[in-house]
J.: 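Before I ask anything, let me first share the structure, which is written out below as C-alpha cells.
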Amino acid sequence: MHSAALLAVVALLAAAPAHTAPSPTDRCCMTDPSAWYRDPPEKIARRFDLYRKMGVGVLRVEVDWRSMETAEGHWDPSYIRSYLELARRHGFRIKLIVGVLMAPPGWFLGRYPEARIVDQNGQWSRNTMSFWYPGLRSLIDEKTRRIVRVLRDLRVLDLVDYVIPSLGPAGEAVYPVPWTLGPDVREQTYWCYDKGAQRDFRARMRRKYGAIAAANTRWSTEFTSWEAARVLPPGTRPGPYWDDVLAWYRDAKREFIRWQVESTRRHLGRDRRILIYVPGTAYNEAEWREAVATARGNDHVMMMADSFFLIDFAARNGCWLQYTGAENAPEVARLRRYMGERGYTRVRMWAENAGVFGAARDPLHLARVVVENHLFGLDYTHAHFAFEADGVTPNAVFLALEEAFARIRSGRGVR
C-alpha cells in the first residue's frame with residue numbers, strides 16, 4: 001500500500017466512531033418530497049406502514065432554515081412535527097440534512113443582499129448563499145444551533161444516525177446548477193461575481209503576487225491597481241489568468257467544506273456519521289486544461305464538481321459518502337476504482353438516484369449497481385415516483401423497489 005493511502009486508512013480508523021454492525025434494513029432508505037412532511041398524519045402513517053413492510057429502516061429528512069424561521073426571529077417547526085413523531089413511532093432511523101447554506105429564507109436574502117451568490121450574468125440563487133459572505137460562518141453556526149435545539153425539543157435527535165452537512169445547493173458540494181434555479185434556467189454559469197467573491201479574489205491574488213505589476217505580467221492584463229483587479233467574464237484572458245481563477249474558485253469551496261464538516265460535528269456530536277454527497281459527475285484534468293485554454297469551461301468545471309477531492313477528504317476524516325447519480329453505473333465504477341487504487345477500503349458509500357423519473361423508474365437497475373459495486377445501500381429519491389397520484393397507493397415502481405430493497409438486504413455482494 002502506498003504511504004499516502006496507509007496514512008489515510010490510519011486517519012479513518014482514528015476518526016471514525018464505533019458503531020454496531022448494520023442490520024439489513026439499515027441499508028434501505030426512502031426520501032420523501034419535503035411537501036409530504038405537511039400531509040395529514042393518517043396519510044403519512046399509511047406510507048410509513050408500507051415502508052416498514054418493504055424493509056426500509058432509514059428515512060432521509062431535510063430540516064431547513066427557510067422552513068423553520070418563517071420570519072426573522074420566529075421559529076415554527078409545526079410543518080414537520082407530525083412527520084418526525086410518526087417516524088419515531090414506526091421505528092425509523094434518520095439521515096438528517098441540516099439545511100442552512102442551501103435554504104436561506106427569502107426575507108433574509110431581501111434584507112442582506114450581500115449574502116447572495118451571483119453569477120456571470122448577474123442572476124442570484126435563492127437556494128445557496130455566497131461562500132464569500134463575510135458573516136456566513138457565524139450565521140451557519142447560529143442557525144444550526146437553533147435547528148438542533150428544535151430537534152431536541154421534538155425528542156427526535158436520538159434517531160439521527162447520519163448527518164448531511166449542506167455544502168451547496170440541495171446539499172451538493174457544487175456551485176449552483178440549473179436544476180436548483182427553477183424550470184426556466186438551463187445554462188450552467190460561473191458563480192463568483194458577487195462583491196464578496198471579487199473582494200476575496202483580489203485579496204488572495206495580492207497575497208500570491210505582491211505587486212499588481214507581477215500579476216499583470218503573469219496574466220497579460222492591464223489592471224491599474226489591486227482595487228481594479230477582478231474576476232473577468234468567461235472568454236476573457238485565457239491562459240494563466242484563468243488557471244488562477246479556477247484554482248481560487250475550487251479552493252474557496254474546498255475550504256468551506258472542511259469548515260462545514262467540522263462545524264457540523266461540533267453541533268451534532270462526533271458519534272454520528274457525517275455523510276457527504278458526491279455529485280453525479282465530475283470534472284477531469286483534460287476539462288480543466290480546456291477551461292484554462294479557452295477561459296470558458298464545460299458544465300463540470302463551472303459547477304466545480306470535485307468528486308475525487310471529496311473521496312480523499314472522506315477517507316482522511318472518517319466520513320461516509322453518498323453518490324447522487326447511482327443510475328450512472330460507469331461513473332459509480334470509476335469512483336469505486338479510484339477508492340480501491342488508494343486503499344480506501346473502509347470508506348462506505350450509499351447510492352442515491354437522481355431525483356427525476358428517468359433515474360428512478362428502474363429500482364432493480366439501482367440494486368444491481370449497489371450490489372455489483374459493493375455500495376452500502378440505496379437511498380431512493382423521491383418516494384412519490386413509487387406511488388399513484390394520491391401518494392399512498394403503490395404503483396409498479398413500488399413493487400420493483402420492494403424487490404430491489406430485498407436484493408440489497410440479502411447482502412449478496414454488499415459489504
J.: Looking at Ala383 and Tyr51, what are the two nearest heavy atoms and their distance?
T.: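 Residues Ala383 and Tyr51, closest heavy atoms: CB-OH, 3.2 Å.
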
J.: Could you pull out all residues at least two apart from Asp379 that satisfy salt bridge (Lys or Arg N to Asp or Glu O under 4.0 Å)?
T.: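 By the salt bridge (Lys or Arg N to Asp or Glu O under 4.0 Å) rule, Asp379 matches Arg60, Lys95.
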
J.: Between side-chain atoms of residues 52-59 and protein atoms elsewhere (two or more places apart, or another chain), which donor-acceptor pairs fall under 3.5 Å?
T.:
from	atom 1	to	atom 2	distance (Å)
Arg52	NE	His90	O	3.2
Arg52	NH1	Val56	O	2.9

J.: Could you check whether any side-chain heavy atom of Leu321 comes within less than 4.5 Å of a side-chain heavy atom of Val347, counting everything from C-beta outward?
T.: yes

J.: Without hydrogens or angle criteria, can the side chains of Asp194 and Trp124 be said to hold a donor-acceptor pair below 3.5 Å?
T.: no

J.: Asp244: what forms a salt bridge (Lys or Arg N to Asp or Glu O under 4.0 Å) with it, not counting sequence neighbours?
T.: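 In terms of salt bridge (Lys or Arg N to Asp or Glu O under 4.0 Å), with neighbours along the sequence ignored, Asp244 is linked to Lys208.
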
J.: Which residues pass the side-chain hydrogen bond (donor to acceptor under 3.5 Å, both in side chains) test with Thr128, sequence neighbours left out?
T.: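 side-chain hydrogen bond (donor to acceptor under 3.5 Å, both in side chains) check on Thr128 returns nothing, list empty.
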
J.: Determine, step by step, whether Phe131 and Trp259 satisfy the ring pair (Phe, Tyr, Trp, His ring centres under 6.0 Å) criterion, reporting the C-alpha distance in whole Å, the side-chain angles of both residues, the deciding distance to 0.1 Å, and the verdict.
T.: CA-CA 11 Å; Phe131 292 92; Trp259 175 84; over 10 Å; no

J.: Parallel, tilted or perpendicular: which fits the ring planes of Tyr175 and Trp132, with parallel below 30° and perpendicular above 60°?
T.: parallel

J.: Would the distance check show the side chain of Ser166 and the main-chain N or O of Met102 forming a donor-acceptor pair, the cut-off being under 3.5 Å?
T.: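 Yes.
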
J.: So do the side chains of Arg368 and Val371 get within less than 4.5 Å of each other, counting heavy atoms only?
T.: no

J.: Please identify each residue that fulfils salt bridge (Lys or Arg N to Asp or Glu O under 4.0 Å) with Asp362, with sequence neighbours left out.
T.: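 So Asp362 forms no salt bridge (Lys or Arg N to Asp or Glu O under 4.0 Å) with any residue.
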
J.: In plain terms, say whether Arg407 and Glu403 are close enough for a salt bridge, that is, a side-chain N and a carboxylate O under 4.0 Å apart.
T.: yes

J.: Contact between Leu378 and Cys28 at the side-chain level, heavy atoms closer than 4.5 Å - yes or no?
T.: no

J.: Answer whether the closest heavy-atom distance between the side chains of Thr144 and Ser263 falls below 4.5 Å.
T.: no

J.: Measure up the Trp288 and Tyr283 rings against each other and bin them: parallel (under 30°), tilted (30 to 60°), perpendicular (over 60°).
T.: tilted

J.: Mind checking what makes ring-ring contact (aromatic ring centres under 6.0 Å, His included) contact with Phe308, not counting sequence neighbours?
T.: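 Result, ring-ring contact (aromatic ring centres under 6.0 Å, His included) vs Phe308: Tyr338.
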
J.: Can you confirm whether Arg46 is buried at CZ, in the sense that more than 12 heavy atoms of other residues, nucleotides or ligands lie under 6.0 Å from that atom?
T.: no

J.: side-chain hydrogen bond (donor to acceptor under 3.5 Å, both in side chains): which pairs involve residues 96-107, sequence neighbours left out?
T.: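 Checked against side-chain hydrogen bond (donor to acceptor under 3.5 Å, both in side chains) - neighbours excluded - no pair reaches residues 96-107.
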
J.: How close do Tyr249 and Val301 get, counting heavy atoms only, and between which atoms?
T.: CE2-O, 4.1 Å

J.: Tell me, do Ile80 and Ser67 make a side-chain contact under 4.5 Å, heavy atoms counted?
T.: no

J.: Are Leu50 and Pro394 side-chain neighbours, meaning at least one heavy-atom pair lies under 4.5 Å?
T.: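 The answer is yes; the side chains approach within 4.5 Å.
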
J.: Looking at Leu375, is its backbone amide N or carbonyl O close enough to the side chain of Asn373 to form a donor-acceptor pair, meaning the two atoms are under 3.5 Å apart?
T.: no

J.: Mind checking what makes salt bridge (Lys or Arg N to Asp or Glu O under 4.0 Å) contact with Arg126, not counting sequence neighbours?
T.: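 With neighbours one apart ignored, the set is empty.
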
J.: May I ask you to check if Arg348 and Phe376 form a cation-pi contact, with NZ or CZ under 6.0 angstrom from the six-membered ring centre and within 45° of the axis?
T.: no

J.: Between Trp350 and Tyr323, does the ring centroid distance fall short of 6.0 Å?
T.: no

J.: Less than 4.5 Å apart, any side-chain heavy atom of Arg206 and any of Arg202?
T.: no

J.: Tell me whether the rings of His384 and His382 are parallel (<30°), tilted (30 to 60°) or perpendicular (>60°).
T.: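 Because their plane-to-plane angle is under 30°, the rings of His384 and His382 count as parallel.
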
J.: Okay, side chain of Tyr241, backbone of Leu232: is any donor-acceptor separation there less than 3.5 Å?
T.: yes

J.: Compare every heavy atom of Ser307 with every heavy atom of Val278, then report the nearest pair and how far apart it is.
T.: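 Minimum heavy-atom contact is CG1-OG, 3.6 Å.
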
J.: Can you pull the salt bridge (charged side-chain N to carboxylate O under 4.0 Å, His left out) pairs that have at least one residue in residues 390-402, sequence neighbours excluded?
T.: none

J.: Is there a donor-acceptor contact under 3.5 Å from the side chain of Thr264 to the main chain of Gln260?
T.: yes

J.: Tell me if the aromatic rings of Trp65 and Phe108 count as close, with their centers under 6.0 Å from one another.
T.: yes

J.: Any pair with a residue in residues 164-186 that passes salt bridge (charged side-chain N to carboxylate O under 4.0 Å, His left out), sequence neighbours left out, goes on the list, sorted by first then second residue, please.
T.: none

J.: Using ring-ring contact (aromatic ring centres under 6.0 Å, His included) as the criterion, point out the one residue from Phe92, Phe48, Trp36 that pairs with Tyr83.
T.: Phe48

J.: Given side-chain hydrogen bond (donor to acceptor under 3.5 Å, both in side chains), test Glu388 with Asn395 step by step and report yes or no.
T.: CA-CA 6 Å; Glu388 301 291 349; Asn395 60 17; 5.0 Å; no

J.: Is any NZ, NE, NH1 or NH2 atom of the basic residue among Asp200 and Arg204 found under 4.0 Å from an Asp or Glu carboxylate oxygen of the other?
T.: yes

J.: Which heavy-atom pair separates Leu401 from Ala386 by the least distance, and what is that distance?
T.: CD2-CB, 4.5 Å

J.: Looking at Arg250, I'd like to know if its CZ atom is crowded, meaning that more than 12 non-hydrogen atoms belonging to other residues, nucleotides or ligands lie closer than 6.0 Å.
T.: yes

J.: Pairing donors with acceptors under 3.5 angstrom, does anything connect the side chains of Asn353 and Glu327?
T.: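 Absent: no donor and acceptor within the cut-off.
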
J.: Could you tell me whether the side chain of Tyr37 and the main chain of Glu62 form a donor-acceptor pair under 3.5 Å?
T.: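 Between the backbone of Glu62 and the side chain of Tyr37 there is a qualifying donor-acceptor contact (under 3.5 Å).
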
J.: Within a strict 4.5 Å, meaning less than it, do heavy atoms of the Pro165 and Ile274 side chains meet?
T.: yes

J.: Do the charged groups of Lys195 and Glu114 touch, with an N to O distance under 4.0 Å?
T.: no

J.: Please determine, by modelled atom types, if Ser125 and Asn127 share a side-chain donor-acceptor pair under 3.5 angstrom.
T.: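 Absent: no donor and acceptor within the cut-off.
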
J.: May I ask you to check whether Ser138 and Asp141 show a side-chain donor-acceptor distance below 3.5 Å?
T.: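 No pair is found: no donor N or O on one side chain lies under 3.5 Å from an acceptor on the other.
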
J.: Taking atom types as modelled, find out whether Arg258 and Asn317 have a side-chain donor-acceptor pair closer than 3.5 angstrom.
T.: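 No, because no side-chain N or O of Arg258 sits under 3.5 Å from a partner of the opposite role on Asn317.
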
J.: If you compare all heavy atoms of Tyr193 against all heavy atoms of Pro233, which two are closest, and at what distance to 0.1 Å?
T.: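 Shortest heavy-atom contact: OH-CA, 3.7 Å.
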
J.: For Arg272 and Asp161, run side chain to side chain contact (heavy atoms under 4.5 Å, CB included): C-alpha distance rounded to whole Å, both residues' side-chain angles, the deciding distance at 0.1 Å, then the answer.
T.: CA-CA 5 Å; Arg272 293 186 171 91; Asp161 286 340; over 6 Å; no

J.: Below 3.5 Å, can you tabulate the donor-acceptor pairs from side chains in residues 115-122 to any protein atom, sequence neighbours excluded?
T.:
from	atom 1	to	atom 2	distance (Å)
Arg116	NE	Leu109	O	3.2
Arg116	NH2	Leu109	O	3.2
Asp119	OD1	Asn121	N	2.9
Asp119	OD1	Gly122	N	3.0
Asp119	OD1	Gln123	N	2.9
Asp119	OD2	Gln123	NE2	2.7
Asp119	OD2	Thr189	OG1	2.8
Gln120	OE1	Tyr190	N	2.8

J.: For the side chain of Trp191 and the backbone of Pro176, is there at least one donor-acceptor N/O pair under 3.5 Å apart?
T.: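 Judged by distance alone, yes, a pair lies under 3.5 Å.
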
J.: Please report the closest heavy-atom contact between Glu331 and Ala282, naming both atoms and the distance.
T.: OE2-N, 3.9 Å

J.: Under 3.5 Å, side-chain donor or acceptor atoms of residues 152-160 against the rest of the protein: list the pairs with distances, not counting sequence neighbours.
T.:
from	atom 1	to	atom 2	distance (Å)
Asp158	OD1	Arg88	NH2	2.6
Asp158	OD2	Arg88	NH2	3.4

